[in-house]
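Everything below concerns the one structure shown next.
One-based numbering, in listed order, for ligands and for the atoms of each.
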Amino acid sequence: MAHQYSLEYAQQLDREDTLHSFRERFYAPYLHGKRTAYFLGNSLGLQPKNTQDEILKIMEGWANFGVEGFFLGSDPWIKYHKHITPLLTNIIGAREEEIVTMNHLTVNLHLLMISFYQPTAKRFKIICEAKAFPSDQYAFHSQVKLHGFDPAEAIVEVYPKTGTDLISTEDILSVIEAHGDTVALVLFSGVNYYTGQAFDMEAITAAAHKAGAYAGFDLAHAAGNIKLRLHDWDVDFAAWCNYKYLNSGPGAIAGAFVHERHLNDEKLPRLEGWWGNNISNRFKMEKTFTSAASAESWSMSTTPIMLLAAHKASLEVFAAAGFDNLLAKSKALSEYLFFTLNHINQPEQKFTIITPQDSNQRGCQVSIAIHENAKAIFDTLMPLGVFADWREPDVIRVAPVPLYNSFEEIFIFADTLQQLLTPDHV
Ligand SMILES: Cc1ncc(COP(=O)(O)O)c(C=O)c1O
């Protein structure tokens, strides 16, 4: 069906959307008494209305039982994480035992690199995308230095071809092949934070394995945003944050994946702590560590139960909507966003959409490079009730997420942008 550029048409799409009412399950910022169009789910997802109740239950357990809340009450904290993993399997494309909820994203990347980046004199390189998220770059640099190598030699970045923003799968695979048996680890994002490009994780993993290297992914912008099948793709490990698309709150507890085939590998180095100990031994306070025989064995410290509660609340909303339904709506929303943007970008091209239009090569985020007055245009959006975000030097990122964004909001964004792009408006 051909789309139309009108408010009435966008509202009609909302009426036909069976997930439309889910937006009422979230708090959203208001401006002048009106709900804003919040397109920042790629940065911090909105607060589900059930989150406070879930956290309150933990507070009550703490008030009523003190430390015994770990073992007493209707939902003892010691098993609380068991609520989480089943809700994540379809989102992450993993088996329950391959998932652990712990720490924060950069910390988890480091912990997993301790296991999966064990360089030798011959095989010591990390292959990654150029302009990876800075925290990842710092992690790569510090890991390489920790092992006594020179980052300039050990870190190989794959660049887009000159004059383009996207990195082709072909280029990634040929760089991996060219570096062959010097590659220890291939570590890409699932979706690049700046361009919104989704990488072909299955092909990258296969190429890494063919070179004799491990393949890991930073799924910060992929988890809850695109279809993942980490287990089937044979990915070795992955880490993600839960505060973006997974709406689990600022500084939310993060997640990690370790493929089943590594779970009982005694030779794989791993930093250990008591929370990774098998539950039956954890409180015996013995000297020997007995691995939990699941990805939980990478967990080290006491789980922050209030953070788990916020995570659980959000995952329950995902489960109620159905992740595959959400992905279908996400595609419809972002396709309408592309349509409206292409509509307002003619006859004169006032911006370039960096993100691939093909929905198989992206999630919901669309990154728009504005040709003139970019920052002034961006600064005017929020006072007009449109929350997007800014990336230097000229990019506005918008992420219409299926749980709480509407087709109407997409129309409002495009229409507002069109007005701001007309000369003398900002
Ligand atoms: C792609 C990517 N990697 C890593 C991080 C850092 O995450 P954290 O601060 O949770 O360690 C972020 C944060 O936004 C990110 O977007």
Side-chain angles (χ1 to χ4, degrees), residues 38-46 88 91-92 99-114 116-117 126-143 155 157-158 165-167 172 185-199 201 204 215-226 228 230 235 237-257 271 298-301 303-304 307-308 310-311 314 354-355 362-367 387-392 395-399 401:
Y38 186 86
F39 291 114
L40 291 173
N42 57 345
S43 182
L44 178 64
L46 290 178
L88 275 172
I91 295 175
I92 300 302
I99 298 173
V100 56
T101 302
M102 60 180 189
N103 311 316
H104 291 87
L105 170 53
T106 310
V107 174
N108 289 342
L109 279 177
H110 272 298
L111 295 180
L112 291 164
M113 286 172 78
I114 291 286
F116 293 98
Y117 179 61
I126 298 177
I127 298 197
C128 60
E129 79 235 56
K131 296 195 188 156
F133 192 81
S135 199
D136 295 23
Q137 296 188 39
Y138 309 148
F140 303 156
H141 276 240
S142 51
Q143 286 277 339
I155 300 173
E157 296 178 314
V158 187
D165 295 290
L166 307 177
I167 307 175
I172 299 170
L185 174 65
V186 178
L187 209 166
F188 268 69
S189 62
V191 173
N192 181 273
Y193 81 99
Y194 189 90
T195 63
Q197 178 185 11
F199 293 111
M201 291 178 248
I204 293 172
F217 292 92
D218 171 345
L219 301 178
H221 288 264
N225 179 26
I226 62 170
L228 294 169
L230 300 187
V235 165
F237 71 92
W240 59 93
C241 54
N242 289 315
Y243 43 76
K244 299 179 187 295
Y245 295 103
L246 289 162
N247 309 324
S248 304
I253 190 165
F257 162 92
L271 296 184
W298 270 263
S299 169
M300 292 182 189
S301 295
T303 302
L307 296 187
L308 273 194
H311 192 27
S314 171
I354 306 177
T355 310
R362 61 173 170 81
C364 70
Q365 179 189 312
V366 177
S367 305
F387 282 53
D389 91 350
W390 173 254
R391 284 286 173 259
E392 294 292 346
V395 168
I396 294 176
R397 301 185 309 173
V398 261
V401 307

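Glu129 and Ser189 form a side-chain donor-acceptor contact under 3.5 Å, judged by distance and modelled atom types alone. With no hydrogens or angles considered, a side-chain donor-acceptor pair links Asn42 and Gln365 at under 3.5 Å.
With hydrogens and angles ignored, the 3.5 Å screen pairs a side-chain donor or acceptor of His104 with a backbone N or O of Gly251.
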For Phe188 and Phe217, what are the C-alpha separation, side-chain angles and deciding distance, and is it a ring-ring contact (aromatic ring centres under 6.0 Å, His included)? CA-CA 5 Å; Phe188 268 69; Phe217 292 92; 7.3 Å; no

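Listed by chain and number, residues touching ligand 1 at under 4.0 Å (heavy atoms only) are Leu105, Thr106, Phe133, Asp136, Asp218, Ala220, His221, Tyr243, Lys244.
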Donor-acceptor contacts, no H, no angles, side chain residues 131-139, under 3.5 Å, sequence neighbours left out:
residue, atom, partner, partner atom, Å
Ser135, OG, Thr106, OG1, 2.8
Gln137, NE2, Ala132, O, 2.7

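The aromatic ring centres of Phe116 and Phe237 sit less than 6.0 Å apart.
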